[in-house]
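Structure, as structure tokens:
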There are 2 protein chains.
Amino acid sequence: MRLNELDERIVHALAEDARRSYADIGAEVGLSAPAVKRRVDRLRAEGAITGFTVRVDPAALGWETEGFIEIYCRRNTSPEAIHRGLSRYPEVASASTVTGEADALVQVFASDMRHFERVLERIAGEPFVERTKSVLVLSPLLRRFSSGAPS
Amino acid sequence: MRLNELDERIVHALAEDARRSYADIGAEVGLSAPAVKRRVDRLRAEGAITGFTVRVDPAALGWETEGFIEIYCRRNTSPEAIHRGLSRYPEVASASTVTGEADALVQVFASDMRHFERVLERIAGEPFVERTKSVLVLSPLLRRFSSGAPS
DNA sequence: GTTGAAAATCTTCCGCC
DNA sequence: GGCGGAAGATTTTCAAC
């Protein structure tokens, strides 16, 4: 699938503020409100836009501690097994299999350091996990867009 | 700041679909539409909700290659300098200063491997960057919520 | 927090290019 | 195929309670 420049500008406008009116976005990109809606509907149908969500301040919601956990798996662990194992943790915000020494990189939000430690220990104890290596986030500098499915 | 259970349920509903109407959310949590709006307005004013955004499928938008770059900075580089340097790259989706050997962890989306390599080289050439270490994402397993500021 | 009304927006339809 | 204008339906918004 290929998007033209108009679609990209619409997605960009929605990424900055998904509650802007179609007429408002249309004024920016040079289209009428119905034309913008039609394109957004098409982008949703095609799967380019998977939904609309709210941007939250984790700290304000009580998730003050953020970190990344590199997971080193046992031999013959499938990505599906990692997904199944990690999706049970509400603290896991994102996870991907990666190249390099580690097998997966997991982003975790916890309420505080003790909570983070507890999550880390539980993940490290998963049967498919051989060992872990983790770093804590000091300050979030930049967060731009949201991708993927809600859960 | 502390949110009560009603606020959390409203944020949760918006996280799943930020375009649901206030009346619809109100029916779920047991409030009228204006009551829900007032709480959302308050959450925005307090900073718990920092905005509304669209959830996109990076691959559908042509961002097929994802990776993480660890940045090792020169001495006396402030987080603000890193932020200024990285915010110019549209390919940078998120960035945080972290504990451990590296100084910052940067998430990058690129159209393909050549594009990723070009971004990596440009970032590695930034004056505040001493060296970098990067991993490529093989498969995104899980992506849950969006946090932080738009840019 | 609720109700009710006004204003804005969304959504669909239709004619046009 | 896509676009703009206009209609009704829905939602947002702001009163008063």
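Every chain is numbered from 1, with letters handed out A, B, ... down the list of sequences.
- One interatomic measurement links the two molecules: CG of Leu31(B) to P of dT12(D), which rounds to 15 Å at whole-angstrom precision.
- Picking from dG1(C), dC10(C), dA6(D) the nucleotide with the shortest atom distance to the side chain of Ser21(A) gives dC10(C).
- The pair Arg42(B)-Glu46(B) counts as a salt bridge, with a side-chain nitrogen and a carboxylate oxygen less than 4.0 angstrom apart.
- Computed from coordinates, the Arg20(B) CZ to dT9(C) C1' distance equals 19 Å when rounded to whole Å.
- Comparing dT12(D), dT2(C), dC3(D) by their closest approach to the side chain of Arg19(A) singles out dT12(D).
- Distance Leu43(A) CG to dG2(D) P: 12 Å, rounded to the nearest Å.
- Under the 6.0 Å distance and 45° angle rule, Arg74(A) does not count as a cation-pi partner of Phe128(A).
- One atom, CZ of Phe52(A), and another, P of dC10(C), lie 11 Å apart when rounded to the nearest Å.
- Rounded to an integer number of Å, the gap from NZ of Lys37(A) to P of dA9(D) is 17 Å.
- Taking the six-membered ring where tryptophan is involved, the planes of His115(A) and Trp63(A) are tilted, since the angle between them lies from 30° to 60°.
- Neither Leu141(A) nor Phe68(B) shares a network with the other; the hydrophobic side chains, linked directly or stepwise wherever heavy atoms of I, L, V, M, F, W or Y lie under 4.5 Å apart, form separate groups for each.
- Map Arg39(B) and Arg38(A) each onto its nearest nucleotide of DNA chain C; the residue landing nearer the 5' end is Arg39(B).
- Note: OH (Tyr22(B)) to P (dC14(D)) measures 11 Å, nearest angstrom.
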